[in-house]
Each structure stands twice: as C-alpha cells, then as structure tokens.
**Q** 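Just passing along the structure, written as structure tokens.
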Amino acid sequence: MRMRSKRNDKSRRPKNILILLWSSTISSGREFLGGFTKQARARRNWQLHLRISKRIPESNILQTIRLGGYDGIVTDEDTFNSLPKGTIPEATSVVVFGTYAPNAPKNVAFVQNDNVAIARFGANYLLRLGRFRSFGFVPTEVEHGWSRLRAEAFADEIARHRASAVIFAHNNARTSLKAWLISLPKPIAIMAACDTTALEIIETCKRARISIPEQVSILGVDNDELLCEFAAPTISSVLPRHDKVGELADKALARMFRGWPPSLPKREICDEQTVIERESTAPIAPASHLITTALSFIRQNASKNITVNDVVTHLGVSRSLVDLRFREYQGETISEAILRVRLEEVRKRLASTSMSVTKVAHACGFADVSHLQVVFKRRFGLPMGQWRQQNFEREPR
C-alpha cells in the first residue's frame, strides 16, 4: 500500500481562518464578509471563525491571535491599525481590508476599493446633474486615509472640469458644519466620505433650514440601506463592490498559502461602483415635489393633530391645487393621507411597545379613543387589543 507523504497530509489539513472585523453593523463590513465567506465556503478547505474586535478587550484579541493557532487572519483597517507591532506570528498569513501600508511585514497583504475612483465617479455623477454654483466635500470627523484620498480625488476631478470644490475641515474650531453649509453659494452639490457623514449633513441642513435637493444635493458612499432609507430625504449613495473586495481577499489568502510570488503586488484594488439614486440628489418634478413635501410634513407632524389647512399653509399653494395633485398622484385626499399616516404609527406602537391604547391614541394625534377604535377596526378588521395580541413583537428570551 502506498503511504501518503507528510507533506500531503499537511496540505489536506483544513486551514483555520480568523475573521476579525471591527464592527458587525457597518454595511461595508457585512458585504465584504459576505463576498469572502461565499468564496471560502464554496471552494476552500477552510474553517472560518468570526470575532467582532470592537467588542473584545485588546488583551483578549492578542490572546485570541497568539493561542488560536490560525493559519490565516482576515481583518479590516481599524482592527489592523489597533494591533501592536509583532502581534501576529510571522507564519500566519494576513489579509487586510480597506487600507494599504507599503512597509507592512511580508506576511501581510491588502485588498481595498479604489477610493480615488469612487471619488471621481461621485464627482462626475454630480457634475452631470449640471445645475450647481459650487461643490463641496465633507470627510469623516475622525481622519481616515481612505476619507482623505476621496476628498483630494473629488476636488481634483471637479477642478479638471474647470470648477472648484471646497473641502470641509472638521478641525477648524471657528467653522461649524452648519456655518459652512450656510456660507456656500447655492445650489451646491456635496459629496460625503460615507453615508454616516451624509446623514450628518442632512440633519445639519434641517437645523439650518436649507432645503434638499433644491439648495443642497448630497451624495454618500457605501449605500448603507438602513441609513440611506431612514434619512428624510433619503440619501443617494455611491455603491462600491465591497463583496468583490471580499472575493479578492479570499483569492489573496489562497495565494499566500501557496507561496505568494515576490513579483506580485501585495495590494489588490476593486474599481467597480455605481450610484443608487434617491431623494437627496434626484431632480423632482414640481407636482411630485409638492406631494413629497406634503407627505414629509404629514409624517413629521401627524401626532400634533394637524389639519388639511396646516398642510396647505406649509406648502404655500392653493388647497384646490393640492387636492388635485393628491388625487392624481396618491389616489387619496389630504385628510385620508393624514389618517393613513396616523394609523401606521398606531400599528407601529401597538406592535412594538406596551403603551396603553389610550396613550397610543393620544401619542398618534387621536383625541377621541373610541373614535380611533372604530376607525382602526374598520380599516384593519380587528379591535386594537386583539390586533396587538396577534402582532406584538416580543423580545426573544
């Protein structure tokens, strides 16, 4: 009988891979993880172990790495930069997502999105909208290399088209974001380093009474759907292919296990991206804008027992015009829209809180609880108490 060589036995042994990500809530990290694990589980004899480094004390992270006996580690920029030098054994292959360090040890490789291409892509998207007096870029509040690269590339691309872009400086104590936004010539197009920063810009515009997208158009990066759809108005965003970067990480780690040729670069870049267009940049027809503004006002003020006249006054147009547009675009009257939004909020509170029916009614703009009971049953087919029993979202034990 032919004996297997020890070398073959070793090569067939499953590789232990530690995936060490800073956070499980950042969309880019989730998409990267999805791309990496999809490839790794389909084609590799690897055992994957996921840890969230933000939740682990640094001493425990070091112990996990030193005692885990891992063949490979896949991690992100924040975690990699937080590790003291010499933490990772030389025999362990490491792939880092989101950054590049040219003087890194030989056992470390890098994969990342092309931040310069992302910024140029965003700049050209805003330039194509073609109606701005000025352009701006807001980097992350905590400085990151990728944020700085995006800011510089955005300004360069705008300058290439014979315009200029102003980069907001978070460290300028004399200029707040609100003051900066007020000072800029309008209309202006602003690119944010990421969706979290874009949300900050939107909230600041609201406080400054700057309208979006009429005065300021805002473009984020990453297409974090939770943030982009939560915002009012919703956020347009550049979508880099984080999942493709995850696939690059899988391939890079596999090559390192086979012996990475010195002639190959230790950095791989993904330059695929697209724009997911939403309300923060989309041109709005006058009629659609009227409806959008009215519904936004209703959602924000429905609990205050607003009337149709309040909506009309806010819009600054005749009631007959608003009634006509609502029937054309919504298939309902303004009062029906107010009632619908209030009932949506009633259902949300019944399903997610233990508030009494009376408190729910008052919180949602209904002064008469018995009237709400009648309307609710007519609309949803069940009394409020029974509906709550069937739909209450209990916390898992």
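A quick note: this is a predicted structure, and the numbers were derived from the prediction, not measured. The chain is numbered in sequence order, starting from 1.
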**Q** Mark yes when over 12 heavy atoms from residues, nucleotides or ligands other than K377 sit less than 6.0 Å from its NZ; otherwise mark no.
**A** no
**Q** Could you list all the side chain to side chain donor-acceptor pair (under 3.5 Å) pairs where at least one residue sits in residues 359-369, not counting sequence neighbours?
**A** D368-S370
**Q** In the single-linkage hydrophobic clustering (I, L, V, M, F, W, Y; side-chain heavy atoms under 4.5 Å), do V374 and V346 co-cluster?
**A** no
**Q** State plainly whether one hydrophobic cluster holds both L239 and I118, where clusters connect Ile, Leu, Val, Met, Phe, Trp and Tyr through side-chain heavy atoms under 4.5 angstrom apart.
**A** no
**Q** So how far is it from L181 CG to I188 CD1, rounded to the nearest 0.5 Å?
**A** 7.5 Å
**Q** Would you check if there is a donor-acceptor pair between the side chains of T281 and Y125 at a distance under 3.5 Å?
**A** yes
**Q** So, E200 versus T204: side-chain donor-acceptor pair below 3.5 Å or not?
**A** no
**Q** To check you understand the geometry: which heavy-atom pair defines the closest contact between D310 and F297, and what is its length?
**A** O-CE2, 3.8 Å
**Q** Check step by step if side chain to side chain contact (heavy atoms under 4.5 Å, CB included) holds for S93 and N107.
**A** CA-CA 5 Å; S93 299; N107 61 324; 5.5 Å; no
**Q** Should we count NE2 of H49 as having more than 12 external heavy atoms under 6.0 Å?
**A** yes
**Q** Would you find a donor on one side and an acceptor on the other, under 3.5 Å apart, between the side chain of S82 and the backbone of T79?
**A** yes
**Q** Nearest heavy-atom pair of T37 and I19: which atoms, and what distance?
**A** CG2-CD1, 4.2 Å
**Q** Considering residues at least two apart in sequence or located in another chain, which fulfil the ring-ring contact (aromatic ring centres under 6.0 Å, His included) criterion with F168?
**A** H170, W180
**Q** Let me see the working for V74 and L18 under side chain to side chain contact (heavy atoms under 4.5 Å, CB included), right down to the final yes or no.
**A** CA-CA 6 Å; V74 177; L18 174 62; over 6 Å; no
**Q** If you measure only the distance, is there a donor-acceptor pair under 3.5 Å linking the side chains of D195 and S237?
**A** yes
**Q** If you round to the nearest 0.5 Å, how far is CD1 of I167 from CD of E152?
**A** 7.0 Å
**Q** Go through it in stages, so that I can follow the logic: the residues are L83 and L62, the test is side chain to side chain contact (heavy atoms under 4.5 Å, CB included), and I'd like the CA-CA distance, side-chain angles, deciding distance and then a yes or no.
**A** CA-CA 8 Å; L83 297 175; L62 301 182; 4.3 Å; yes
**Q** Under the salt bridge (Lys or Arg N to Asp or Glu O under 4.0 Å) definition, can you give me all pairs with a residue in residues 85-110, not counting sequence neighbours?
**A** none
**Q** Hey, mind stepping through T358 and V360 against side chain to side chain contact (heavy atoms under 4.5 Å, CB included) and telling me if it holds?
**A** CA-CA 5 Å; T358 299; V360 169; over 6 Å; no
**Q** Is it the case that one hydrophobic cluster holds both I182 and I202, taking links as side-chain heavy atoms less than 4.5 Å apart, direct or via other members?
**A** yes
**Q** Quick check: are there more than 12 heavy atoms from other residues, nucleotides or ligands sitting under 6.0 Å from CD of Q215?
**A** yes
**Q** Keeping the roles fixed (side chain from R133, backbone from K186), state whether a donor-acceptor pair exists under 3.5 Å.
**A** yes
**Q** Verify, without hydrogens or angle tests, whether E157 (side chain) and A123 (backbone) share a donor-acceptor contact under 3.5 angstrom.
**A** no
**Q** Do the side chains of E336 and R340 get close enough for a salt bridge, i.e. N-O under 4.0 angstrom?
**A** no
**Q** Does a side chain donor of either N223 or R278 reach within less than 3.5 Å of an acceptor in the other side chain?
**A** yes
**Q** Considering non-hydrogen atoms only, spot the tightest contact between P139 and A193 and give its length.
**A** CA-CB, 3.8 Å
**Q** Using a strict 4.0 Å threshold on nitrogen-to-oxygen distance, state whether R160 and D156 make a salt bridge.
**A** no
**Q** Minimum heavy-atom separation for R150 and V221, please, with both atom names.
**A** NH1-CG1, 3.4 Å
**Q** Of all the heavy-atom pairs spanning A165 and A155, show the shortest one and how long it is.
**A** CB-CA, 4.0 Å
**Q** Classify the side-chain pair W146/E77 by whether it contains a donor and acceptor separated by less than 3.5 Å.
**A** yes
**Q** Closest approach of G365 and N305, non-hydrogen atoms and distance?
**A** O-OD1, 3.4 Å
**Q** Mind checking whether F32 and H242 have ring centres under 6.0 Å apart?
**A** no
**Q** Is there a path of hydrophobic side-chain contacts, each under 4.5 Å between heavy atoms of I/L/V/M/F/W/Y residues, joining I210 to V166?
**A** yes
**Q** Please report the interatomic distance NZ(K178) to OG(S176), rounded to the nearest 0.5 Å.
**A** 7.5 Å
**Q** Membership question, hydrophobic clusters at under 4.5 Å side-chain separation (ILVMFWY): are F110 and I269 in the same one?
**A** no
**Q** Rounded to the nearest 0.5 Å, how far does CZ of R347 lie from CH2 of W387?
**A** 5.5 Å
**Q** Atom CZ of F97 and atom CG of L33: how far apart are they, to the nearest 0.5 Å?
**A** 10.0 Å
